[in-house]
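In each ligand, atom 1 is the first atom listed, and ligand 1 is the first ligand listed. Atoms considered below: every heavy atom in the structure, side chains included; atoms not considered: hydrogens, waters and symmetry mates.
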Amino acid sequence: MKDKKDNTYIWWKHGVIYHLYIRSFFDSNNDGIGDLNGVTEKLDYLKELGVDAIWLSPFFKSPQVDFGYDVSNYIKIHPEYGTIDDFKTLIKEAHKRGIRIIIDMILNHTSNQHDWFVESRSSKDNPKRDWYIWQKSDKKNPPNNWRTPFGKKAWEYDKNTNEYYFHSFFKEQPDLNWRNPNVEKALFQDIRYWLDLGVDGLRLDVINLIVKDKKLRDNPSFLNQIIKPDEVYSRDRPTSIKIIKSLRQLLDTYENRMCVGEIYALPPGNSKLVAKYMDKGDNALNMAFDFSLIFARWSANKYRKVLTTGYQNIPIKGWPCTVLSNHDLNRNKAKPLFANHAKVAKLKALLSMTLYGTPFIYYGEEIGMKNVKVPYNKLKDRIGKMYWPFYTGRDKSRTPLHWNSSAHAGFSNNMPWLPVDREYKKYNIDQQSSDKNSILNAYRELIRIRKTYKVFNKGRWSLVSSASKHILAYERKRKDKQLIILLNFSRLPKQTHQYKDYHILFSTSRDNNQSHKSLKLAGLEGVILSKDKLI
Ligand code: GLC
Ligand code: CA
């Protein structure tokens, strides 16, 4: 897809990206499961919201043990999601509206149903044996102490050949051996297939896991991994950057393509590690996800620290991005603020649309969707079933989008694959569209503002002094153009500095464009202040 006239515009830097979990977005054929045609049908909604690209969760052929993150064929479409023609229509219709398509590439592992693994498993001398990580060891003692966040053992004994294979996640997701060059060749060929179809970018699943220690050394204890995350042998090996660069080379043979990588790090996140994988002028990742903000406690102080450290770590040529929720983590962490849910959601919208770097919106975030309590007998995520009731898994942040107040929230005419939030009649897209003070309209307005004021694209970000410790205050500045953003994290009103010459360009809770002598923020209010209107 070609860019607009402005040749300083780079779509993935200056646009807004919508993370779309296909299974729960919109069901076009009423089988209870969201699908590709459902996305196509709703493109106008996304256009109106103002997004520039969508990242689609995996729709490749898959046994769905991990809902598409277990791929059995990278160039076939999983029938529940549609056909290749549906995908081609989606690309065409999206591009027509100026919306780009990012697909989710899972390079670390395949499904155990992938032909490659079926062959690899068949015998020790199969040509694809070395495409996966096989290791000899006796029946009772796995080759080393590596564990998976999806259970205990990361090694599965395969009686067929009396060896273990390694899996970072479920045992149905064997890890590929990226030290074998044929793996790269095969996967790059599949990636080319999508790029040739016009796909604009790749989201790279757990990309820092792809290479493992050659000697398969034991990992330090779990606690030590938190203290010294650099000493883990099952991830973050130096060779992974080499592979990323070679993928970038492939992407750069096409016009205007990008990749954003998921960097797996335990809470509280690790922005230093994330920065390691970012492009420093050396063709590493265009962008990389840092989940530190998702993990952060709701406090201005905490956010101030996380943001400052995060930005300090960004390499000079690197480009950050902002994520506030996703399909693996909780939607709403600010528990003490449940009663003020809508206010917090708007503050988060303000934050993500005014920070430095590309904002990602996880579907439903734009209407303030909440974690949904899914009862045990309706759980779909296997880790939820494994750890119930201590950890209920990821279904809670993957429930169907609320389109309107009709049955099943207008997502489908039939029973959806996961239950819809019982409160959907209280908050949905239809109802929020017509309420000028809704979360949805705050998103629409903020995206519009972000696009109007170039200072958001290129201006630097820095903290400014704040009259209250509860107010997160920062500026975006470029040459003589400046905007000030204030976010009151407290439920109580807080006095700010004077800001005499400024007017309110945007507020999460009052009419915009008011001028004022001194400013008091309402509880959980956020504002953008500006001296002049033209930037
Ligand atoms: C990533 C995905 C997650 C998946 C895992 C294994 O973390 O976001 O959903 O289960 O990788 O592929
Ligand atoms: Ca469907």
- prompt: How does Arg203 reach ligand 1, if at all, at less than 4.0 Å between non-hydrogen atoms: by side chain, backbone, both, or neither?
  reply: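 Answer for Arg203: side chain.
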message: If we set the cut-off at 4.0 Å for heavy atoms, which region of Phe150 has an atom near ligand 1: side chain, backbone, both, or neither?
response: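 Answer for Phe150: side chain.
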Would you please say whether a donor-acceptor pair under 3.5 Å links the side chains of [X] and [Y]?
X      : Y      : answer
Tyr69  : His327 : yes
Tyr254 : Asp196 : yes
Asp175 : Asn108 : yes
Asn330 : Ser325 : no
Asn145 : Asn219 : no
Ser24  : Trp417 : yes
Ser292 : Asp290 : yes

query: With a 4.0 Å cut-off on heavy atoms, does Phe67 reach ligand 1?
result: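 Distance cut 4.0 Å: Phe67 fails for ligand 1.
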4.0 Å heavy-atom contact, His167 with ligand 1: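 It does not; every heavy atom stays at 4.0 Å or beyond.
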- prompt: Among Glu262, Arg394, Arg382, His327, whose heavy atom sits nearest atom 7 (O) of ligand 1?
  reply: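 Checking each option, the heavy atom nearest atom 7 (O) of ligand 1 is found in Glu262.
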task: Decide, counting backbone as well as side-chain atoms, whether Gly38 has an N, O or S atom less than 3.0 Å from the Ca ion (ligand 2).
output: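 So Gly38 does not bind the Ca ion (ligand 2) by this criterion.
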Test applied, ring pair (Phe, Tyr, Trp, His ring centres under 6.0 Å); reference residue, Tyr165; option that passes from Trp155, Trp131, Tyr157, Trp134: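 Filter result, single survivor: Trp134.
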message: With carbon and hydrogen excluded and only N/O/S kept, which atom of Asp35 is nearest the Ca ion (ligand 2)?
response: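 Per the distance ranking, Asp35 contributes OD2 as its closest N/O/S atom to the Ca ion (ligand 2).
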task: Considering just N/O/S atoms, say which atom of Asp31 is closest to the Ca ion (ligand 2).
output: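 Minimum-distance N/O/S atom of Asp31 relative to the Ca ion (ligand 2) is OD1.
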Per-atom contacts of ligand 1 with [X], taking only distances under 4.0 Å to non-hydrogen atoms:
X      : answer
Arg398 : 9 (O)
His109 : 6 (C), 12 (O)
Asp66  : 4 (C), 5 (C), 6 (C), 10 (O), 12 (O)
Val206 : 1 (C), 7 (O), 11 (O)

message: Quick check: Phe170 with Phe150 (ring centres under 6.0 Å apart)?
response: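 Yes: the rings meet the under 6.0 Å criterion.
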Aromatic contact, Phe411 with Trp403 (centres under 6.0 Å):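 Centroid distance Phe411-Trp403: not below 6.0 Å, so no.
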query: Can you give me the OD1-the Ca ion (ligand 2)-OD1 angle for Asp27 and Asn29, to 10°?
result: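 Roughly 80°, rounded to 10°.
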- prompt: What residue and heavy atom of the protein are closest to atom 11 (O) of ligand 1, and at what distance?
  reply: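 Answer for atom 11 (O) of ligand 1: Asp205 OD1, 2.9 Å.
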- request: Just need the protein heavy atom nearest to atom 8 (O) of ligand 1, so name the residue and atom and give the distance.
  value: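 In this structure, atom 8 (O) of ligand 1 has Asp328 OD2, 2.5 Å as its nearest protein heavy atom.
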